[in-house]
Protein chains: 2
Amino acid sequence: MLIRDLSRAAGVPASTIRYYERLGLLQAPQRSAAQYRLYGTADVERLRFIQKAKRLGLSLTEIGQLIALRAGGTAPCQQLKAMVSSHLQQLDQQIAELQALRQELATYHSNLAAQLTDDATAPTETFCQGTICGFIEQVSYDA
Amino acid sequence: MLIRDLSRAAGVPASTIRYYERLGLLQAPQRSAAQYRLYGTADVERLRFIQKAKRLGLSLTEIGQLIALRAGGTAPCQQLKAMVSSHLQQLDQQIAELQALRQELATYHSNLAAQLTDDATAPTETFCQGTICGFIEQVSYDA
DNA sequence: CTAAACCTTGAACCTAACTTCAAGGTCAAG
DNA sequence: CTTGACCTTGAAGTTAGGTTCAAGGTTTAG
């Protein structure tokens, strides 16, 4: 299988396949007489593995660690559990932050919409009082 | 005011101040005889404006657009409203995606936790059946 | 037999918002 | 009068996950 076939089979660009090989996520494949990379079905599996692990939010570095563990003869599931647990925490924090921002932004937008008409020719100057924009200058600075 | 004073007054590193100047977010300041940048209180205001706009989730590029509008004599509030509106939409989508992933990851983690004990010496091999890790290889590929 | 469509490599480029570095000038304290 | 803390510039490095490019070799269809 040439790199384009692997690319099609796994839905990953050839450039990305070569990139993964450089990162050590894929083994260096066999070569044809003309130095073309030759792949087998195990490589399709490996690429799919990487795609799935990415879907779980794992970084390429983390995926590399799992692969390395397995290559060293250890089942990487305990490690995986720790990674997933850590990602869950990060996700919770990130969601909380985004929701807080969303809430703030929504209030802010209502405020803006109530004071500004959609008419582009309206005298917004009356409302936008500030050095650059009073609506921004009202924003609190901390947090 | 020297750059370090502005830096302290606004809580922004001197390197970032020079960076903002290059981006056009801050006007080129006056210079001392030795070419040191000299700032006034308006620059403190401007930097605080930038910090506040960043708090609203605006990019430096967007902030630059607002500043440019004001410099051109137009109140940038309508533009701001559009930016905030667009960011709200993006935020909603991002939150929805993260929540879906969180849900999936939580289920996945329960599954993992139920089958793996915390005992590092446990025979995880029994459970982790797969080329690299059966738990990952079960993950669905699409979406 | 030639032109298109591949393949190879290493290096450079991309985003965003900075930070760091190198090499040099300035200024205040002791 | 020197040491150390600052200032200047332009360029390069950072992160992550790739993509694009240049220059060259190969393979295949017509």
Side-chain angles (χ1 to χ4, degrees), chain A residues 1-39 43 46-67 83 86-87 90-91 94 98 101, chain B residues 1-39 43 46-67 83 86-87 90-91 94 98 101:
Chain A
M1 210 194 311
L2 291 175
I3 198 169
R4 70 167 172 277
D5 306 306
L6 178 58
S7 168
R8 273 164 208 156
V12 169
S15 60
T16 301
I17 294 171
R18 285 187 282 255
Y19 175 62
Y20 286 174
E21 181 184 330
R22 261 190 307 133
L23 292 190
L25 268 51
L26 292 172
Q27 276 183 303
Q30 284 189 279
R31 299 291 185 132
S32 75
Q35 290 299 103
Y36 284 22
R37 287 172 177 80
L38 296 175
Y39 296 99
D43 298 297
R46 174 68 69 92
L47 261 180
R48 289 200 171 135
F49 172 83
I50 294 171
Q51 296 303 100
K52 288 171 181 183
K54 270 164 57 76
R55 278 253 306 125
L56 294 180
L58 302 189
S59 69
L60 297 184
T61 303
E62 288 171 322
I63 296 169
Q65 289 166 9
L66 297 180
I67 291 175
M83 285 177 186
S86 154
H87 276 279
Q90 286 172 32
L91 219 41
Q94 197 184 349
L98 288 181
L101 177 58
Chain B
M1 210 194 310
L2 291 174
I3 199 170
R4 70 167 172 277
D5 305 308
L6 177 59
S7 168
R8 274 165 207 155
V12 170
S15 61
T16 302
I17 294 172
R18 285 188 281 257
Y19 175 62
Y20 286 173
E21 181 183 330
R22 262 192 304 136
L23 293 190
L25 269 50
L26 292 172
Q27 277 182 302
Q30 284 189 280
R31 298 292 185 131
S32 75
Q35 290 299 100
Y36 284 22
R37 286 171 177 81
L38 296 174
Y39 295 99
D43 298 296
R46 174 67 68 92
L47 262 180
R48 289 201 172 131
F49 172 84
I50 295 171
Q51 296 302 99
K52 288 171 181 182
K54 269 164 58 75
R55 277 252 307 126
L56 293 180
L58 302 189
S59 69
L60 296 183
T61 303
E62 288 170 321
I63 295 169
Q65 288 167 7
L66 296 181
I67 291 175
M83 285 177 186
S86 155
H87 276 279
Q90 286 173 33
L91 220 40
Q94 197 183 348
L98 288 181
L101 177 58

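Quick caveat, the model's predicted, so the values are computed rather than measured. Each chain gets a letter, A, B and so on, in the order the sequences are listed, and its residues count up from 1.
Read 5' to 3', the first and last nucleotides of DNA chain D with an atom closer than 4.0 Å to a heavy atom of chain B are D/dC6 to D/dT9.
When the options B/Leu26, B/Ile3, B/Asp43 are evaluated for a side chain to side chain contact (heavy atoms under 4.5 Å, CB included) with B/Arg37, the one that passes is B/Ile3.
For the salt bridge (Lys or Arg N to Asp or Glu O under 4.0 Å) test, no residue two or more places apart in sequence or in another chain qualifies with B/Arg46. Under the rule for a side chain to side chain contact (heavy atoms under 4.5 Å, CB included), the partners of B/Leu101 that lie at least two apart in sequence or sit in another chain are A/Leu91. Looking at residues two or more places apart in sequence or on another chain, you find a side chain to side chain contact (heavy atoms under 4.5 Å, CB included) between A/Ala34 and A/Ser32, A/Tyr36. Taking the side chain to side chain contact (heavy atoms under 4.5 Å, CB included) definition, one finds that A/Ser59 meets it with A/Thr61, A/Glu62, sequence neighbours left out.
More than 12 non-hydrogen atoms from other residues, nucleotides or ligands lie less than 6.0 angstrom from CD of A/Gln35. For B/Gln27, the CD atom counts as loosely surrounded, since its 6.0 Å shell holds 12 or fewer non-hydrogen atoms of other residues, nucleotides or ligands.
Using a 4.0 Å heavy-atom criterion, one finds that B/Ser59 contacts the sugar-phosphate atoms exclusively.
In this structure, B/Tyr20 OH and B/Ile67 CD1 are separated by 10.0 Å, a value rounded to the nearest 0.5 Å.
We find that CG of B/Leu2 is positioned 19 Å from P of C/dG25, with the value rounded to whole Å. One can place CG of A/Asp5 at 13 Å from C1' of C/dA5, the figure rounded to the nearest angstrom. Rounding to whole angstrom units, OH of residue A/Tyr39 and C1' of C/dC7 are separated by 11 Å.
Position along DNA chain D of the nearest nucleotide to B/Arg37 versus B/Arg4 favours B/Arg4 as the more 5'-ward residue. Across the interface with DNA chain C, nearest-nucleotide mapping of B/Tyr36 and A/Tyr36 shows A/Tyr36 to be the residue nearer the 5′ end.
Less than 4.0 Å separates DNA chain D from at least one heavy atom of each of the following residues of residues 13-33 of chain B: B/Arg18, B/Arg31.
Within the structure, a side-chain polar atom (N or O) of B/Lys54 is placed less than 4.0 Å from OP1 or OP2 of C/dC18.
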